[in-house]
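What follows is a single structure, written as structure tokens, with notes after it.
Atoms within a ligand are numbered from 1 in the order they appear, just like the ligands themselves.
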Amino acid sequence: MKEIKSFVRRNSRLTDSHKKHLSQSDGMLYTQIPFTLLQQQRFVGLEIGFGMGDSLLDVAAKNPDQLWVGIEVYEVGVASVIRQAKEKGLENIIVLTGDVMDFLEREQAHQLFDHIRIFFPDPWPKKRHHKRRLVQGKSLDVLASIMKPSAVLHFATDHLPYAEDVELVLSNSQYFKPLAVVPFRPETKFARKAKEAGVVITDIAVERI
Ligand SMILES: C[S@@+](CC[C@H](N)C(=O)[O-])C[C@H]1O[C@@H](n2cnc3c(N)ncnc32)[C@H](O)[C@@H]1O
């Protein structure tokens, strides 16, 4: 999983303000998953590829009794979440910068999470690029291993063929069953733009068996 990347590093320059928030994260930014801390929590959520972090900030603000972990390769987004979490006084967010698979393929990550959200991952539409997709057979096995029994996986995409492929893999998986009610997903800028352009957004939610 580690050799083929699901992202292309964006050539984004960090401003002094971004650098400040990354270096003064008030304990929010971790270089490794703090397994012991997470194992002590009643409920731990994970958002993978949170972009600028709107949905991560939203879920953390609405659920102060839950701990939310966000993993994102895009440092500008990580800095933005740290800044906004500080401004809003949110103390239930942990962020990690890097490739999610580098953090999760560990024995200690087994059955760690109660809820996983992956919203609008890059669709990699060309067939020869499908192996780069964040959500596909192999990564779903890793996700299954880090979910607690009955944990929820919520995936959303504006790319119908991606949704169809994920639905197929999930329906053939021994680890998941469909969830009757799709959990709430806030309308972020990304989702709003897709909707305005008339693109269909598909939400898929499954439960870990
Ligand atoms: C199209 S953006 C969507 C961002 C956000 N979820 C939203 O709805 O606005 C996909 C994000 O996933 C991140 N990403 C892709 N592969 C990743 C990986 N392996 N680990 C962590 N983040 C990843 C990218 O950096 C990018 O910010």
Number the atoms of ligand 1 from 1 as they appear, then name those within less than 4.0 Å of a heavy atom of Phe120, with their elements. 1 (C), 2 (S), 3 (C), 8 (O), 10 (C)

List the closest protein heavy-atom neighbour of atom 27 (O) of ligand 1: residue, atom name, distance to the nearest 0.1 Å. Arg10 NH2, 2.7 Å

Would you say Val69 and Tyr30 make side-chain contact, with heavy atoms under 4.5 Å? no

Give a yes or no on whether the backbone of Arg132 and the side-chain of Gln136 come within a donor-acceptor separation of less than 3.5 Å. no

Where's the contact between Ile118 and ligand 1, heavy-atom distance under 4.0 Å: side chain, backbone, both or neither? neither

If the threshold is 4.0 Å, N to carboxylate O, is there a salt bridge linking Lys189 and Asp54? no

Specify the protein heavy atom at minimum distance from atom 24 (C) of ligand 1: its residue, its atom name, and the distance to 0.1 Å. Glu72 OE2, 3.3 Å

Centres of the His115 and Trp68 rings: under 6.0 Å? yes

Which of parallel (below 30°), tilted (30 to 60°) and perpendicular (above 60°) describes Phe190 and Phe120? tilted

Whether Arg133 engages the ring of Tyr162 as a cation-pi pair (distance to the six-membered ring centre under 6.0 angstrom, angle to the ring normal within 45°) should be assessed. yes

Contacting atoms of ligand 1, where contact means under 4.0 angstrom from a heavy atom of Asp122: 1 (C), 10 (C), 15 (C)

Looking at Pro123, Ser6, Gly49, the heavy atom closest to atom 4 (C) of ligand 1 belongs to Gly49

Verify, without hydrogens or angle tests, whether Lys88 (side chain) and Leu57 (backbone) share a donor-acceptor contact under 3.5 angstrom. no

With a 4.0 Å cut-off on heavy atoms, is Asp99 in contact with ligand 1? yes

Would you please determine whether Ser55 falls within less than 4.0 Å of ligand 1 on a heavy-atom basis? no

Does ligand 1 come near enough to Phe119 that some N or O of the ligand is less than 3.5 Å from an N or O of the residue? yes

Taking distance alone, with no angle check, do Val100 and ligand 1 share an N/O pair under 3.5 Å? yes

Could you check whether any side-chain heavy atom of Ile204 comes within less than 4.5 Å of a side-chain heavy atom of Leu153, counting everything from C-beta outward? no

Using heavy-atom distances only, which candidate in Gly70, Gly98, Gly53 approaches atom 21 (C) of ligand 1 most closely? Gly98

Looking only at heavy atoms, which two atoms of Leu14 and Lys19 are closest? And how far apart? O-CE, 3.7 Å

Closest protein heavy atom (residue, atom, distance) for atom 22 (N) of ligand 1: Val73 N, 3.5 Å

Distance filter under 4.0 Å to Leu134 heavy atoms, resulting ligand 1 atoms: 19 (N)

Protein heavy atom at shortest distance from atom 9 (O) of ligand 1: Phe190 CB, 3.5 Å

